[in-house]
Amino acid sequence: MTKSFYITTPIYYVNDSPHIGHAYTTLACDVMARFKRLDGYDVKFLTGTDEHGQKVDKAAQAAGVTPQAFTDKVSQRFRDLTGVMNFSNDDFIRTTEPRHIKATQALWERIKANGHIYLGSYAGWYSVRDEAFYTETELTKDSDGQRIAPTGAPVEWVEEPSYFFNLSEWQDKLLEFYDAHPDFVVPESRYNEVRSFVKGGLKDLSVSRTSFSWGVPVPGDEKHVMYVWLDALTNYITALGFPETGGEYAQYWDGREGCSPLHVVGKDILRFHAVYWPAFLMAANLKPPARVTAHGWWTNEGQKISKSVGNVIDPIALVNEFGLDPVRYYMMREVPFGNDGNYARASMINRINSDLANNVGNLSQRTLSMIQKNCDAKVPEHGAFTPEDNALLDGAYALLSKLRAHVEKQEFHFVLDSIFALSTQANLYIDQQAPWGLKKTDPARMHTVLYVLAETIRVIALYLQPFIPASAGKMLDQLAIPEDQRRFTFASAKHSLIPGTPLPVPEGIFPRFVEEAEKVA
Ligand code: MSP
């Protein structure tokens, strides 16, 4: 049976337009989803928008429109971004949709029926920016003496009737769960962080609010709306048809053997996903996800990204300037997934020119134009392979298992590193074999060398598809590879290029980036 794979992005607050952080998380999921599809999995990839809560309510008020009108507009910008970035999500969820309200209320009712929700009243600190409750001891003061959250966000005092989730009683169960699933949180440093947070003791969590109404009504007590995080986290199972537990829920979440739901999140929202979410699910007798992977944060030319500083990076502007695939490549290559990273224009240009143009671009352009000129524009015939030929080809085919291992751990930078190392090796092979010199001395050998190169490029292009789908697709078009022969099972000698296949006239796929000022000079 085909294996199933479910991957989700966080759902994004619609208080503001998408920025590089949002594009980055979804890109990582897109790469993983594409990789798994190419590797034969049945994939569901979900993204969407988080539309309830005080933060969005306040943003709508500031814009002078109703929250629904406001969320309709901003949510559309996130949906548009999926098109601009060529994201391959299978669904786009909005928490204001009826399917989600139904799922959230059903989850609440299950948790309540199991005796884990009780009515009380909350008196304490709340940060609207983080949509999070904080204890007095977690707070510090800013330069004006105002209390602030550990994230730097302002807090306000809240006192209101509230339902509570008995989180304090889940400490042991969570610790047991982490012990049984040492890969539940990746990277390991984050796993340890989550574990020690839980070990330090948990307090019951306020899960409803009464001082505003932009949220999912609590079933049976509609003065309350649910805490936005309980609402938001439920999206992951709403999209699988919950409260139905057959169908997609059984296929992607709990049921089908080997299915392993994966949430990708930024480090700032790990606690919600790795502590609250499994506790909510266990309290409802549902299975927790298989893994939560936390990535780091981007800075801009060394500075923290913030609206007040005015250095927010608009992913659409980056794509307009550098092109989509170069931006996708840069974001996945520049920063080891899990670490914080820094956007620098100079490093973007350097990656475009030295990795894409000079390495893979040069390899394919040199090879394909020689084939065009010297092999009658057809995949060349080849003679017996030398040890050098076999070393390159066998290395190319064998790479897949290494790439799989890295993808399993969300080490996307290593995947790219390995593919580019193969391309570097192929460039060295051209220089050593010097096919241009063989043209007169040994044309048959020249054909073989060009065949080996074209076949290596085919395999490189297959592997690059998850990262730079359009450009890798063009590389495969130039080798006349049919659409239905682009999955990873085709990365083997059994499916190698067929000599005599006519090839189109090659065109450069990876142009160098030249600054406007240099163009004039
Ligand atoms: N709505 C919640 C998530 C609910 S999931 C059930 C939320 N939304 S958010 O829009 O504020 O943030 C979404 C994601 O963007 C988070 O994973 C966050 O880490 C990420 N990023 C926000 N700024 C970022 C950077 N500067 N760099 C990288 N990612 C960043 O939280």
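Counting convention: from 1, in listed order, for ligands and their atoms alike.
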(request) Could you list which atoms of ligand 1 come closer than 4.0 Å to a heavy atom of H273? (result) 5 (S), 6 (C)
(request) For atom 19 (O) of ligand 1, find the nearest protein heavy atom and state the residue, atom name and distance (0.1 Å precision). (result) D268 OD1, 2.5 Å
(message) Could you check whether F322 and F513 have their ring centres less than 6.0 Å apart?
(response) yes
(request) For this output row, return yes or no: ring centroids of W298 and Y24 closer than 6.0 angstrom. (result) yes
(message) Would you say W125 and E136 are linked by a side-chain donor-acceptor pair, where the criterion is simply a distance under 3.5 Å?
(response) yes
(request) Look at atom 14 (C) of ligand 1 and say which protein heavy atom is nearest, naming residue and atom and giving the distance to 0.1 Å. (result) Y12 CE2, 3.8 Å
(message) Can you name the atoms of ligand 1, numbered from 1 with element, that are less than 4.0 Å from a heavy atom of G266?
(response) 17 (O), 19 (O)
(request) For atom 6 (C) of ligand 1, state which one of F78, Y24, Y236 supplies the nearest heavy atom. (result) Y236
(request) Can you figure out which of G296, P18, S306, G48 has its heavy atom closest to atom 28 (C) of ligand 1? (result) G296
(request) Tell me which protein heavy atom sits closest to atom 9 (S) of ligand 1, plus the residue, atom name and distance to 0.1 Å. (result) Y13 CD1, 3.7 Å
(request) Starting from atom 27 (N) of ligand 1, find the nearest protein heavy-atom neighbour and note its residue, name and distance. (result) W298 N, 2.9 Å
(request) Taking the six-membered ring for Trp and the full ring for Phe, Tyr or His, determine whether the centres of F184 and Y191 are under 6.0 Å apart. (result) no
(request) Provide, to 0.1 Å, the distance between atom 3 (C) of ligand 1 and the closest protein heavy atom, together with that atom's residue and name. (result) I11 O, 3.1 Å
(request) Could you tell me if the ring centre of Y163 sits under 6.0 Å from that of Y227? (result) no
(request) Taking atom types as modelled, find out whether Q76 and D80 have a side-chain donor-acceptor pair closer than 3.5 angstrom. (result) yes
(message) So that I know where these two stand, are F337 and F412 an aromatic pair - ring centroids less than 6.0 Å apart?
(response) yes
(message) Which residue and atom name correspond to the protein heavy atom nearest atom 16 (C) of ligand 1, and how close is it?
(response) I269 CD1, 3.8 Å
(message) I'd like to know if E131 contacts ligand 1, where contact means a heavy-atom distance under 4.0 Å to any ligand atom.
(response) no
(message) Can you tell me if H295 contacts ligand 1 (heavy atom of the residue under 4.0 Å from the ligand)?
(response) yes
(message) Is W229 close enough to touch ligand 1? Criterion: a residue heavy atom under 4.0 Å from a ligand atom.
(response) yes
(request) Considering the heavy atoms of A232, write down every atom of ligand 1 situated less than 4.0 Å from one of them. (result) 6 (C)
(message) Which residue and atom name correspond to the protein heavy atom nearest atom 15 (O) of ligand 1, and how close is it?
(response) H22 CD2, 3.8 Å
(request) Would you mind listing which atoms of ligand 1 come within a distance below 4.0 Å of any non-hydrogen atom of D50? (result) 1 (N), 2 (C), 4 (C)
(message) Using a 3.5 Å cut-off on N or O atoms only, is I305 in polar contact with ligand 1?
(response) no
(request) Would you please indicate if the ring centroids of F488 and F35 are separated by under 6.0 Å? (result) yes
(message) Measuring centre to centre across the rings, with the benzene-like ring taken for any Trp, is Y6 within less than 6.0 Å of H263?
(response) no
(message) We want to know whether T151 and R129 form a side-chain donor-acceptor pair, criterion being a heavy-atom distance below 3.5 angstrom.
(response) no
(request) Just need the protein heavy atom nearest to atom 23 (N) of ligand 1, so name the residue and atom and give the distance. (result) H19 CE1, 3.2 Å
(request) Step through it carefully: locate the ring centre of Y329, locate the ring centre of F420, and say whether they are under 6.0 Å apart. (result) yes
